[in-house]
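Notes follow the structure.
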Amino acid sequence: MTRPLLFLFVALAVASLVAAFSLAGYFLPVLVLLLFGVLWMAALLRRWAWASAVGLFAVYGFAAAGFWLRLSTGLLLTSALAGFLSWDLTSFAQRLRLAAPEDDVAGLERRHLLRLFLVALAGMILCLGALYLPAKVSFGWSLLLVLLGVWGIGRVVNWLMRNG
Amino acid sequence: MRRTFLTGLLALALVIAGLVTLHPAFLALALPLFLYLLVGVWRGAGPLRLEVSRTLDVERAPVDTDVTVKLTVTNAGQSLEEVQVEDLLPAGLQVVDGSAAHLVSLAAGQTFTWTYTLRGKRGYYALADVRVTGRDHFGLVASQQVFHTDNQLFILPPVMRLRRVVIQPRRTRVYSGIIPARQGGTGVEFFGVREYQLGDSPRRINWRATARHPASTYTNDFEQERVADVGIILDGRRCTNEFNGGRSLFEHAVLAAASLADALLAAGNRVGLLFFGEQANWTIPGYGKVQRERILYDLAHATPGDVLAFSQLIIPRHLFPSRSQLVLVSPLDPDDLEVLTEVRWRGYNLLVVSPDPVKFELAGLPRRESVSLAGRIVQMQRKILLGHLRHVGIQVLDWDVSQPFEQATRSGLERPPAWLQAINSRGARP
């Protein structure tokens, strides 16, 4: 179940980006994206786990570029989220390969997907909220919040790396 | 850790980009990643508090026998979402059924038990470590610990049942056995005729001799049969046992030593083992099934080594007095002739069981004319060496390992060679 979903999300990530760029008439990035999608799929078929990290960065990079060019927000968000899900599922599929045939792989998959989709849904809602809810924040507050965010993420990453 | 770093890096890059460009979409893109990291930390695996135990259905098993391993893991701590349990097996053991690693979820207090089957090459294996890795569902935070257990497994060498191994040492012990002792007494083989003594059974009177010499009465005497001291020397030198391409004769030599020990102990003899490899290791001589187990355990440990030279071979006289029987299991090296001759001249009866290294090595080489010619030359050298050994009174069994050892002993060891019988019947000293 994990691997079909993985391919589905890769296809969704690339297709959303292609749609966003092609609707706005940017055809060169579309060609690059199509080539990138084919390579990503091929890497997944060959079980090259590192390719998903490259894919994640690339999808987020294209999505950021799309936001900069004011392309369709929905398509870009869908693409970023699908890329993120495919990156997680690649790692999960890799871990599942360590399971013995008699292990409850279906149960592990079910629980993992449930949590992942909940997190993705919550992330999506937060994203949309951040983009569409009108909130007037002064520059000083924005700066403070951003710095706090950077500090918080740094602390989390540091803690995870020490304990991981 | 790499995934955590990547997620954090991407989130940070987006936050910084958002800050620099004052574009809210970049910050919005970072939010799912931030949430993902937070959930990973929140549901991350804490310290592992597990009880791990392992049981084996047998602790000693012959080669190619299945051994069932049962592993039990009990979670005495908090609930673990994704736990990978790996039984770390030493090299040489192979899982033939089931799996030595599992991926499970363990609730608090839950016990997970599984069994699997393994097989192994000859040897001693310490099954000591079980590695457990606990992760959160996203695989961001991992906690790994190795749990120690005290299990061991002996894979004993194969033993072929030999029907009979004839040895004729000149010195025997006092207990009755099956080795002719060259002394008259009770036995089954005719030994000679002597004058009748009071107490002799009338059934043993030799009437023909008595009729020929009517002045006295003569009685048949039979050869006593006793047990003997036998020292088996296993040559574990790497230079004689190992060949190009990782091929080794050593397992064949171990099989021969184990089978000979088994047969000689079954005949009631007192048998000891000297393993001559990286260091000389004696199994003190003894009798019976316990001694058989001791020898098999020691053979299970034996691995070829390169430290000692054969010239350093010392036979302790208090264990094996002169004229007792020694059995050397060795592919032989041309330099061994001098040492073996010296052992023979010290009064020991020596039997050399030699797995043929030339045929063994040739079987692994390409069939070329040059190889064939070289093989013939080396084979001739070996024949000369074996001829020299026989010439000094050493009994030699040249074993082509492509044949079963049992078959080789049937023709070579079930009856003594004529020259040895002649020497023994004359009572000649070497």
Side-chain angles (χ1 to χ4, degrees), chain A residues 53 56-57 60 63-64 66-68 73 76-77 80-81 84 87-88 91-92 94-105 107-108 111-112 114-116 118-120 122-124 126-131 139 142-143 145-147 149-150 152-154 156-164, chain B residues 1-19 21-41 43-46 81-82 84 86 98-105 112 114 116 133 135-144:
Chain A
L56 176 73
F57 272 77
Y60 265 77
F67 277 118
W68 185 254
T73 307
L76 294 176
L77 273 183
L81 219 57
F84 162 68
W87 171 74
D88 177 88
S91 160
F92 184 59
Q94 209 179 3
R95 293 203 300 281
L96 280 184
R97 284 167 68 187
L98 304 170
E102 60 269 29
D103 289 343
D104 180 22
V105 174
L108 284 168
R111 286 190 290 274
H112 180 85
L114 181 67
R115 275 169 213 273
L116 185 64
L118 280 176
V119 168
M124 186 82 165
L126 275 175
C127 251
L128 290 172
L131 286 172
F139 179 74
S142 310
L143 189 65
L145 283 173
V146 166
L147 287 175
V150 169
I153 292 173
V156 168
V157 170
N158 189 32
W159 184 88
L160 286 174
M161 287 178 72
R162 264 192 287 116
N163 292 283
Chain B
M1 191 169 79
R2 199 166 141 259
R3 297 183 68 238
T4 315
F5 177 73
L6 282 177
T7 323
L9 185 71
L10 187 56
L12 272 176
L14 287 167
V15 167
I16 290 167
L19 183 65
T21 60
L22 290 177
H23 203 303
F26 293 164
L27 294 174
L29 276 179
L31 285 173
L33 299 173
F34 192 51
L35 191 65
Y36 183 76
L37 279 175
L38 276 180
V39 173
V41 175
R43 301 295 298 174
E81 294 180 345
E82 202 178 292
Q84 187 189 338
E86 297 166 272
S99 174
H102 282 266
L103 189 69
V104 290
S105 289
F112 174 63
W114 89 88
Y116 65 93
T133 310
R135 290 191 191 89
D136 66 298
H137 257 310
F138 298 145
L140 291 174
V141 186
S143 177
Q144 193 173 79

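Numbered from 1 within each chain, the chains take letters A, B, ... in sequence-line order. Quick caveat: nothing in here was measured; it's all calculated off a predicted structure.
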task = Kindly determine whether A:Arg115 and B:Glu81 satisfy side-chain contact (heavy atoms from CB on, under 4.5 Å), including the steps that lead there.
result = CA-CA 11 Å; A:Arg115 275 169 213 273; B:Glu81 294 180 345; 3.5 Å; yes
inquiry  = Does any backbone or side-chain atom of A:Phe92 lie under 4.5 Å from a heavy atom of chain B? Answer side chain, backbone, both or neither.
reply    = side chain
Among [options], which residue has the highest count of heavy-atom pairs closer than 4.5 Å to chain B?
{"options": "A:Glu102, A:Arg95, A:His112", "answer": "A:Arg95"}
{"options": "A:Leu128, A:Leu76, A:Leu126, A:Leu77", "answer": "A:Leu126"}
{"options": "A:Ala53, A:Ala120, A:Ala64", "answer": "A:Ala64"}
{"options": "A:Leu81, A:Leu118, A:Leu108", "answer": "A:Leu108"}

request  = Starting at CZ of A:Phe57, measure out to CG of B:Leu9 and round the result to the nearest 0.5 Å.
outcome  = 4.5 Å
ask   = Got a salt bridge between A:Arg111 and B:Glu82, using NZ or NE/NH1/NH2 to carboxylate O under 4.0 Å?
value = no
key: B:Leu6/A:Leu56 under side-chain contact (heavy atoms from CB on, under 4.5 Å): CA gap, chis, key distance, verdict   = CA-CA 10 Å; B:Leu6 282 177; A:Leu56 176 73; 5.7 Å; no
ask   = Side chain of A:Asp103, backbone of B:Val104: donor and acceptor closer than 3.5 Å?
value = no
key: Contact origin within B:His102 toward chain A - heavy atom pairs under 4.5 Å   = both
Run the side-chain donor-acceptor check on residues 28-37 of chain B: report pairs under 3.5 Å with partners two or more places apart or on a different chain.
unit_1	atom_1	unit_2	atom_2	d
B:Tyr36	OH	A:Asp88	OD1	2.2
B:Tyr36	OH	B:Arg3	NH2	3.0

